[in-house]
Amino acid sequence: MLQRTSESHTDDTPPQTDVIVRFENVSKTYDQDKIIISGLTLDIERGEFLTLLGPSGSGKSTSLMMLAGFEAPSAGRIYLNGRPIENLPAHKRNIGMVFQNYALFPHMTVAENLAYPLRVRRLAKGIITQRVNRALDMVQMRDFAERKPALLSGGQQQRVALARAIVFQPELILMDEPLGALDKRLREDLQLEIKHLHQELGVTVVYVTHDQSEALTMSDRIAIFNGGRIEQLDKPGALYDAPQTRFVAGFIGDNNAIEGEVVAIRDGLATLVIDHGISILARATNGLSKGQRAIISIRPEKISLRAAGTSSAAQLTASIRDRIYLGDHFQFYAQTDTGTRLLIKQLNVAEGLGLNPGDRCELAWAAEDCIAFRA
Ligand code: ADP
Ligand code: MG
């Protein structure tokens with residue numbers, strides 16, 4: 001199913017990736033005034049699970065609707081399998097879709113709901129039954145085939161919606177916050193089920209969510225949306241460990257920010273001076289230069305916390321303000337002597353180091369765990 005072009009490739013050029021969807025400089029405005037999407041360029045690889053992640057209103061659904069064919073780009077082009085699709089109506093794009101509000105036909109049984117897209121495609125009755133049963137098996141809903149949707153729970157309805165999206169064997173499935181209406185436990189179960197389904201079917205999935213842990217759980221790659229633009233497109237680990245912008249650093253995971261001024265940059269490492277003349281080393285991101293104000297970003301679990309006077313590598317001294325016990329780990333809020341409030345996470349292995357609110361402490365970290373962005 002996954003056809004790669006690598007056999008024909010003999011020299012040192014990298015193997016071509018197989019692109020199923022291409023957004024080329026796509027812009028969208030609904031009213032000719034406010035630009036919702038601007039210059040969106042994005043290649044989606046065949047077989048991948050790609051998530052569009054960003055705050056509410058950042059243009060994720062609009063992008064998905066343009067791919068589905070329910071909205072038209074105001075400028076630019078979208079290609080499906082190498083062909084521009086602006087003249088292809090939604091129902092001819094052969095794309096499976098799942099939305100937050102299950103959108104099942106209420107007057108049809110579960111089985112009839114699934115048979116519908118196959119009847120529209122004029123498949124033989126025997127084949128329809130076979131495919132409906134197989135799809136229901138994949139989402140563990142075979143026992144509910146004869147029920148009407150109203151008699152199913154939210155999670156069950158969403159399983160049926162999933163089955164209906166895969167039953168006609170589309171090569172591309174779009175999902176827009178499909179788990180948004182479900183409670184946390186069920187959402188986490190279904191995240192894994194959808195991920196397994198993706199692996200089993202080898203289908204390409206474009207998934208929209210505003211929930212970063214959902215995106216990290218499910219995705220091969222994540223496109224971080226902000227104000228109608230992609231800030232960064234990367235694998236989950238790269239977004240967390242090497243964010244390219246301050247927005248990405250703040251949106252994925254918890255993060256501390258310390259402000260300073262760049263006094264030197266060498267070999268990708270910036271030296272920054274913060275209050276009290278303290279210098280800090282950090283990885284420099286693109287566009288950072290000497291003399292600029294910058295934000296130093298460091299993850300809470302990368303800070304090592306010690307009682308005062310016990311650390312040989314202390315970078316900052318601070319006072320503990322709050323200590324929060326969360327079972328598997330402790331969260332400390334420390335106020336540094338330079339006036340910055342920092343969040344620190346420590347695994348629950350040393351009983352919170354015996355540190356309590358009011359205690360003096362020392363903070364240390366490795367330079368490679370700090371990233372400096374333009375302020
Ligand atoms: P997201 O899915 O990331 O929350 P949307 O794509 O739904 O973002 O919306 C992006 C922006 O476009 C928002 O400001 C929203 O109000 C606006 N918008 C969305 N749909 C329409 C529409 N049909 N008409 C006018 N404005 C719209
Ligand atoms: Mg949306």
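When a ligand or atom number is given, it counts from 1 through the structure's own listing order. These numbers were taken from a predicted model, which means no experiment stands behind them.
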Where ligand 1 meets [X] - atom numbers and elements under 4.0 angstrom, heavy-atom basis:
X   : result
P55 : 3 (O)
K34 : 14 (O)
T62 : 5 (P), 6 (O), 9 (O)
I36 : 10 (C), 11 (C), 12 (O), 17 (C)
S61 : 1 (P), 2 (O), 6 (O), 7 (O)

> Given the rule in the salt bridge (charged side-chain N to carboxylate O under 4.0 Å, His left out) test, do R46 and E171 qualify, once you have shown the distances and angles that lead to the verdict?
Replying inline: CA-CA 9 Å; R46 190 178 305 280; E171 55 179 349; 3.2 Å; yes
> Do any protein N, O or S atoms sit under 2.8 Å from the Mg ion (ligand 2), and which ones are they?
Replying inline: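 Under 2.8 Å from the Mg ion (ligand 2) - ignoring waters, which are not counted - the protein N, O or S atoms are S61 OG.
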>> With the threshold set at under 4.0 angstrom, would you say M65 reaches ligand 1 through any of its heavy atoms?
In response: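 No, that is not the case, since the closest heavy atom of the residue is not under 4.0 Å from the ligand.
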> Does ligand 1 have any atom that is closer than 4.0 Å to a heavy atom of S56?
Replying inline: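 Within the 4.0 Å threshold, so yes.
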Donor-acceptor list for residues 262-287 side chains, cut-off 3.5 Å, not counting sequence neighbours:
from : atom 1 : to   : atom 2 : distance (Å)
R283 : NH1    : E368 : O      : 2.7
R283 : NH2    : D241 : O      : 3.1
T285 : OG1    : A372 : O      : 2.7

>> Does ligand 1 come near enough to E71 that some N or O of the ligand is less than 3.5 Å from an N or O of the residue?
In response: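 No, E71 has no N/O under 3.5 Å of an N/O on ligand 1.
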> Hey, are E231 and T245 close enough side-chain-wise for a donor-acceptor pair under 3.5 Å?
Replying inline: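 Per modelled atom types, T245 and E231 side chains form a pair under 3.5 Å.
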>> Tell me whether atom 14 (O) of ligand 1 lies less than 4.0 Å from at least one protein heavy-atom position.
In response: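 It does: a protein heavy atom is found less than 4.0 Å away from atom 14 (O) of ligand 1.
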